[in-house]
Amino acid sequence: MILRHQLVKLLKERLFIAEGQLDEHGTAKLPLLDFNTMLEDYPRYPDVHDITIADGDLGKIMDLTPYMNPCPYTVSALSPVPYVFNLFRTMGLRHLPVLDSMGQIVGIITRHNLTHSFMEKKLEAHGFAS
């Protein structure tokens with residue numbers, strides 16, 4: 001998983017590579033951005049709509065691997081809401097991928113999805129009175 005502000009920073013820094021420039025393992029030989037550089041716009045990260053990508057970069061790719069969280073917290077589609085809520089609270093999560101029985105992503109839960117008003121609306125939509 002990669003966060004929006006990380007992706008925006010990588011786009012802003014134009015860390016693109018042409019597909020033909022990948023090594024035999026399919027990875028790029030680009031300089032890595034250090035932690036301080038990734039966070040230099042904190043707490044006011046640019047909006048993705050403010051990033052302009054040059055025409056010459058549109059056909060290029062970006063290796064996100066060094067910036068991704070390879071083992072994010074996940075939950076099953078059948079996980080109880082109290083468990084999910086406690087995971088958000090104790091781990092300080094903002095997003096939580098939901099996996100099916102085959103380990104494929106079927107959704108993502110955000111903090112907003114766990115608010116009282118959101119939960120009430122969903123219960124009402126499924127025929128449960130509050």
Side-chain angles (χ1 to χ4, degrees):
M1 179 172 347
I2 188 164
L3 301 176
R4 180 185 305 132
H5 74 85
Q6 294 170 315
L7 185 56
V8 169
K9 182 65 175 179
L10 296 172
L11 290 169
K12 183 178 171 184
E13 295 293 325
R14 301 186 65 236
L15 292 181
F16 302 111
I17 188 167
E19 281 192 70
Q21 294 177 306
L22 297 175
D23 66 18
E24 65 275 2
H25 304 291
T27 57
K29 299 288 187 200
L30 290 171
L32 296 178
L33 298 182
D34 62 35
F35 184 76
N36 290 331
T37 303
M38 289 296 288
L39 293 179
E40 68 187 8
D41 294 325
Y42 177 83
R44 302 277 184 233
Y45 296 112
D47 189 271
V48 70
H49 297 91
D50 296 335
I51 303 297
T52 303
I53 300 175
D55 289 341
D57 290 336
L58 291 176
K60 295 181 179 178
I61 60 175
M62 185 178 285
D63 184 7
L64 303 177
T65 309
Y67 307 98
M68 290 175 45
N69 177 354
C71 301
Y73 285 96
T74 61
V75 291
S76 158
L78 302 175
S79 296
V81 172
Y83 172 76
V84 173
F85 183 80
N86 283 333
L87 195 54
F88 264 82
R89 295 279 304 210
T90 58
M91 302 312 298
L93 302 178
R94 304 186 114 222
H95 311 90
L96 188 62
V98 180
L99 308 180
D100 66 11
S101 61
M102 302 298 289
Q104 299 296 310
I105 290 184
V106 294
I108 190 159
I109 299 171
T110 67
R111 286 181 180 179
H112 172 72
N113 299 137
L114 296 175
T115 61
H116 184 73
S117 61
F118 183 87
M119 297 290 270
E120 277 187 340
K121 287 177 188 173
K122 287 298 175 182
L123 287 171
E124 288 173 9
H126 292 324
F128 297 96
S130 55

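Each residue takes its place number in the sequence, starting with 1.
Checked against side-chain contact (heavy atoms from CB on, under 4.5 Å), Thr65 has the following partners two or more places apart in sequence or in another chain: Asp63. With sequence neighbours left out, Lys60 forms a salt bridge (Lys or Arg N to Asp or Glu O under 4.0 Å) with Asp57. Looking at residues two or more places apart in sequence or on another chain, you find no salt bridge (Lys or Arg N to Asp or Glu O under 4.0 Å) involving Lys121. With sequence neighbours excluded, no residue forms a salt bridge (Lys or Arg N to Asp or Glu O under 4.0 Å) with Asp100.
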**Study point:** Criterion side chain to side chain contact (heavy atoms under 4.5 Å, CB included) on Met1 and Met68, from CA distance to verdict
**Key:** CA-CA 5 Å; Met1 179 172 347; Met68 290 175 45; over 6 Å; no

Exercise for review: Kindly determine whether Val98 and Thr74 satisfy side chain to side chain contact (heavy atoms under 4.5 Å, CB included), including the steps that lead there.
Suggested key: CA-CA 6 Å; Val98 180; Thr74 61; over 6 Å; no

Practice item. Might you work through the side chain to side chain contact (heavy atoms under 4.5 Å, CB included) test for His5 and Leu7, ending with a clear yes or no? Key: CA-CA 5 Å; His5 74 85; Leu7 185 56; over 6 Å; no

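In Phe118, the CZ atom is crowded: over 12 heavy atoms of neighbouring residues, nucleotides or ligands sit closer than 6.0 Å.
In this structure, CD in Gln6 is found 8.5 Å from CG in Asn69, a value given to the nearest 0.5 Å. Note: Glu120 CD to Phe128 CZ = 14.0 Å, rounded to the nearest 0.5 Å. Rounded to the nearest 0.5 Å, atoms CD1 (Ile53) and CZ (Phe16) are 4.5 Å apart. Remark: Phe35 CZ to Glu40 CD distance equals 12.5 Å, nearest 0.5 Å. Within the model, atoms CZ of Arg14 and OG1 of Thr52 stand 11.0 Å from one another, a figure rounded to the nearest 0.5 Å.
For Met38 against Tyr45, the heavy-atom pair with the smallest separation is O-CE2, 4.2 Å. Between Met62 and Leu15, the shortest heavy-atom contact is CG-O, 3.5 Å. Contact record, Val84 with Ser79: CG2-CB, 4.0 Å, taken as the closest heavy-atom pair.
The hydrophobic cluster of Leu78 has no other members, since no ILVMFWY side-chain heavy atom comes under 4.5 Å of it.
Hydrophobic clustering (side-chain heavy atoms under 4.5 Å, transitive across Ile, Leu, Val, Met, Phe, Trp, Tyr) keeps Leu123 apart from Tyr83. Cluster membership check: Tyr73 shares its hydrophobic cluster with Leu114, using side-chain heavy-atom separations under 4.5 Å among Ile, Leu, Val, Met, Phe, Trp and Tyr. Under the 4.5 Å side-chain heavy-atom criterion for ILVMFWY residues, no single connected hydrophobic cluster contains both Leu64 and Ile108. Ile51 and Ile2 fall within the same hydrophobic cluster, defined by Ile, Leu, Val, Met, Phe, Trp and Tyr side-chain heavy atoms under 4.5 Å apart, directly or through other members. Cluster membership for Ile61 and Leu33, using ILVMFWY side-chain heavy atoms within less than 4.5 angstrom, is shared.
Under 4.0 Å is where a charged nitrogen must lie from a carboxylate oxygen, and between Asp50 and Lys12 no such pair does.
Between Leu99 and Ile105, the closest side-chain pair of non-hydrogen atoms falls below 4.5 Å. Using a 4.5 Å heavy-atom cutoff, the side chains of Val8 and Asp47 are not in contact.
Sequence neighbours left out, the pairs with a member in residues 102-115 that pass side chain to side chain donor-acceptor pair (under 3.5 Å) are Thr110-Asn113.
When atom types are taken as modelled, the side chain of Tyr67 and the backbone of Leu3 share no donor-acceptor pair closer than 3.5 angstrom. Thr90 contributes a side-chain N or O that, together with a main-chain N or O of Asn86, makes up a donor-acceptor pair within less than 3.5 Å.
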